[in-house]
Amino acid sequence: MDSQTLIGIGAAILTTLLQLWFWRLRTHEERSLWLGFTGILAAGSLLAFVTIAIPAMLQAEGFETYRNVGAVIDMVFLILLMIFPVALVITLIVSGIKLIRREGASFRNVLSLGLGLGMIAYLIIWSVVRNALSNVPVAGGVFDFIFGFIAVLFFIFGIAFTLYTVSAMIAQIPHYHRHYVAIIVHGAGLMPDGSPTPLLAKRVDKGIEQLHKHPEAMLILSGGQGADEVQSEASSMKTYALAQGVPENKILLENHSATTKENLQYSDVVWAQYRIDHPSKEHQETRFLVVSDNYHVFRALLLARELNIQADGVGSHVSLYFALNALVREWVAYMVLRKQFYNTFTIVLLVIYTMGALLILG
């Protein structure tokens with residue numbers, strides 16, 4: 001057995017193990033950034049195996065076309081990887097400008113634009129300052145150290161943001177053979193007359209769509225009454241759902257929550273009470289399907305995991321220009337949720353970076 005065959009067999013084993021790791025997370029506990037990490041590894045290893053390992057093993061004549069196609073696929077993949085950062089920055093800026101034009105220049109609406117401009121500004125400022133201070137003994141070294149550490153943080157947190165985004169996308173792929181006891185639709189703001197906003201109506205529509213796919217489930221509409229709202233969001237959603245033809249006996253209301261965490265906690269209580277009142281409805285496993293905007297679902301699932309609530313998620317469609325800005329906001333909220341871990345991680349990284357810098361200078 002030649003070396004190329006041995007390498008091919010090794011690649012096949014590694015690819016298989018990575019696929020199994022990914023699918024175990026996907027089927028057992030997908031509510032973590034490990035889902036995105038293993039998903040990227042599984043897809044990358046499979047692509048490499050199909051386009052590199054297999055062609056290397058096929059030495060007989062007649063397989064040249066296959067090897068050429070594999071090389072082209074690899075080249076396209078590498079080009080996409082290289083242009084992704086540039087495309088991301090451009091998309092953040094363009095979508096940010098579009099959002100501000102349509103929604104106004106509030107703080108929450110400038111996140112994607114600020115992030116895109118910040119990336120560009122950082123690269124320019126670092127280059128200019130580094131060149132200007134390169135010959136200054138103390139200040140040059142200090143600025144070089146600070147900007148270098150910021151660059152490392154940008155890189156690592158950029159990877160984490162990518163894993164968060166990929167995990168969120170994968171987590172919303174349906175589990176076709178799962179059964180849910182209830183579909184929880186998270187509330188959002190209401191119109192001045194108490195009717196659902198277009199954003200909220202889309203959530204309810206998605207919940208109704210899922211109810212048709214899972215007719216054994218109940219529809220829990222979750223959302224309290226804000227200070228500027230004429231009724232609870234849950235009541236408004238119920239009126240809308242009834243108008244769409246949902247039977248009233250399929251709807252449960254949770255009308256006290258004010259946050260995503262409370263949406264989950266109080267909906268769990270509502271279901272528990274319903275199960276007590278209807279013992280024939282008891283199932284072997286209490287698993288919910290959470291419905292919210294597509295950019296928000298994953299953080300809701302992470303909160304559900306913290307609350308020890310079994311749940312999957314599905315998102316209603318939101319325009320790209322709005323979703324990108326909201327995704328940045330969701331990422332910030334996730335960082336706050338995991339602030340203890342990331343604070344500790346940053347401190348440890350700073351210590352390691354400082355020791356490395358001292359070793360280099362020494």
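Residue numbers count from 1 along this sequence.
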* State which residues pass side-chain contact (heavy atoms from CB on, under 4.5 Å) with Val314; sequence neighbours excluded, sorted by chain then number. => Lys206, Gln210, Leu289, Val291
* Can you name the side-chain contact (heavy atoms from CB on, under 4.5 Å) partners of Pro192, sequence neighbours left out? -> none
* Met218 side, atom CE; Ile183 side, atom CD1 - distance, nearest 0.5 Å -> 10.5 Å
Please tabulate, for the side chains in residues 296-305, all donor-acceptor contacts under 3.5 angstrom to protein atoms that are two or more places apart in sequence or on a different chain.
from: His296; atom 1: ND1; to: Ser292; atom 2: OG; distance (Å): 2.8
from: His296; atom 1: NE2; to: Thr260; atom 2: OG1; distance (Å): 3.0
from: Arg299; atom 1: NE; to: Glu330; atom 2: OE1; distance (Å): 2.7
from: Arg299; atom 1: NH2; to: Glu330; atom 2: OE2; distance (Å): 3.4
from: Arg305; atom 1: NH1; to: Arg31; atom 2: O; distance (Å): 3.0

* hydrophobic_cluster_shared for Leu253 and Val230, side chain cutoff 4.5 Å -> no
* Asked: So how far is it from Glu233 CD to Arg203 CZ, rounded to the nearest 0.5 Å?
  -> 8.5 Å
* Asked: Partners of Ser167 by side-chain hydrogen bond (donor to acceptor under 3.5 Å, both in side chains), sequence neighbours excluded?
  -> none
* Asked: Got a second to check how far Gln244's CD is from Leu211's CG, nearest 0.5 Å?
  -> 12.5 Å
* Asked: Which residues satisfy the ring-ring contact (aromatic ring centres under 6.0 Å, His included) test with Tyr353, sequence neighbours excluded?
  -> Phe145, Phe149
* **Option passing side chain to side chain contact (heavy atoms under 4.5 Å, CB included) with Phe345 (candidates Val348, Leu349, Ile347)** => Leu349
* Would Thr162 and Thr165 count as having a side-chain donor-acceptor pair, cut-off 3.5 Å? -> no
* Given side-chain contact (heavy atoms from CB on, under 4.5 Å), test Ile220 with Val185 step by step and report yes or no. => CA-CA 6 Å; Ile220 300 180; Val185 182; over 6 Å; no
* Asked: Same hydrophobic cluster for Trp23 and Met169, using side-chain heavy-atom links shorter than 4.5 Å among ILVMFWY?
  -> no
* Is the CG atom of Asn308 crowded by more than 12 outside heavy atoms at less than 6.0 Å? -> no
* In chain order, what residues pass the ring-ring contact (aromatic ring centres under 6.0 Å, His included) check against Phe37, with sequence neighbours excluded? -> Trp34
* Asked: Is a side-chain N or O of Ser222 found less than 3.5 angstrom from the main chain of Ile184, in a donor-acceptor match?
  -> no
* Check step by step if side-chain contact (heavy atoms from CB on, under 4.5 Å) holds for Val181 and Arg287. => CA-CA 6 Å; Val181 297; Arg287 180 178 289 273; 5.9 Å; no
* Does the separation of the ring centres of His214 and Tyr180 fall below 6.0 angstrom? -> yes
* Asked: Taking Lys250 for the side chain and Pro215 for the main chain, is one N or O donor matched with an acceptor at less than 3.5 Å?
  -> yes
* Within the distance-only criterion (no hydrogens, no angle test), does the side chain of Ser195 pair as donor or acceptor with the backbone N or O of Met191 below 3.5 angstrom? -> no
* **Glu254 and Ser257: side chain donor to acceptor below 3.5 Å** => yes
* **Note, Val166 side chain near Leu35 side chain (heavy atom, < 4.5 Å)** => no
* To do: Please answer: with hydrophobic residues joined when any side-chain heavy atoms are less than 4.5 Å apart, are Tyr266 and Leu221 in the same cluster?
  => no
* Structure fact -> Shortest non-hydrogen pair, His317 vs Asn294, comes out as CA-ND2, 3.8 Å
* Taking all atoms of both residues into account, what is the closest heavy-atom pair of Ala311 and Val290, and its distance? -> CB-CG2, 3.9 Å
* Should we say atom CZ of Arg178 is surrounded by more than 12 heavy atoms from elsewhere, each under 6.0 Å from it? -> yes
* Structure fact -> dist Leu92:CG -> Asn325:CG (nearest 0.5 Å) comes out at 9.0 Å
* For the pair Ser236 (side chain) and Ser232 (backbone), establish whether a donor and an acceptor sit closer than 3.5 Å, ignoring hydrogens and angles. => no
* **Rounded distance [0.5 Å steps], OG1 in Thr259 versus CD in Gln265** => 7.0 Å
* To do: Applying side-chain contact (heavy atoms from CB on, under 4.5 Å), run through His186 and Leu264 and close with a yes or a no.
  => CA-CA 9 Å; His186 286 201; Leu264 297 165; 3.8 Å; yes
* Structure fact -> Shortest non-hydrogen pair, His175 vs Glu30, comes out as NE2-OE2, 3.0 Å
* To do: Following the transitive rule for hydrophobic clusters with a side-chain heavy-atom cut-off under 4.5 Å over Ile, Leu, Val, Met, Phe, Trp and Tyr, establish whether Ile276 and Leu252 coincide in one cluster.
  => no
* Structure fact -> The ring-ring contact (aromatic ring centres under 6.0 Å, His included) partner of Phe161 among Trp331, Phe154, Phe155 is Trp331
* Asked: Are Asp268 and Phe288 side-chain neighbours, meaning at least one heavy-atom pair lies under 4.5 Å?
  -> yes
* Smallest separation among heavy atoms of Arg26 and Pro174, with atom names -> NH2-O, 3.4 Å
* Specify the closest pair of heavy atoms between Ala241 and Ile208, including all atoms of both residues, with the distance to one decimal. => CA-CD1, 4.2 Å
* Asked: Taking all atoms of both residues into account, what is the closest heavy-atom pair of Ala160 and Leu33, and its distance?
  -> O-CD2, 3.7 Å
* To do: Quick one: pull up CD in Glu29 and CG in Leu25 and give me the separation to the nearest 0.5 Å.
  => 8.5 Å
* Report yes or no: does Asp293 contribute a side-chain atom to a donor-acceptor pair with the main-chain N or O of Tyr295 at less than 3.5 Å? => no
* **Hydrophobic cluster identity match, Val332 and Tyr334, side-chain contacts under 4.5 Å** => no
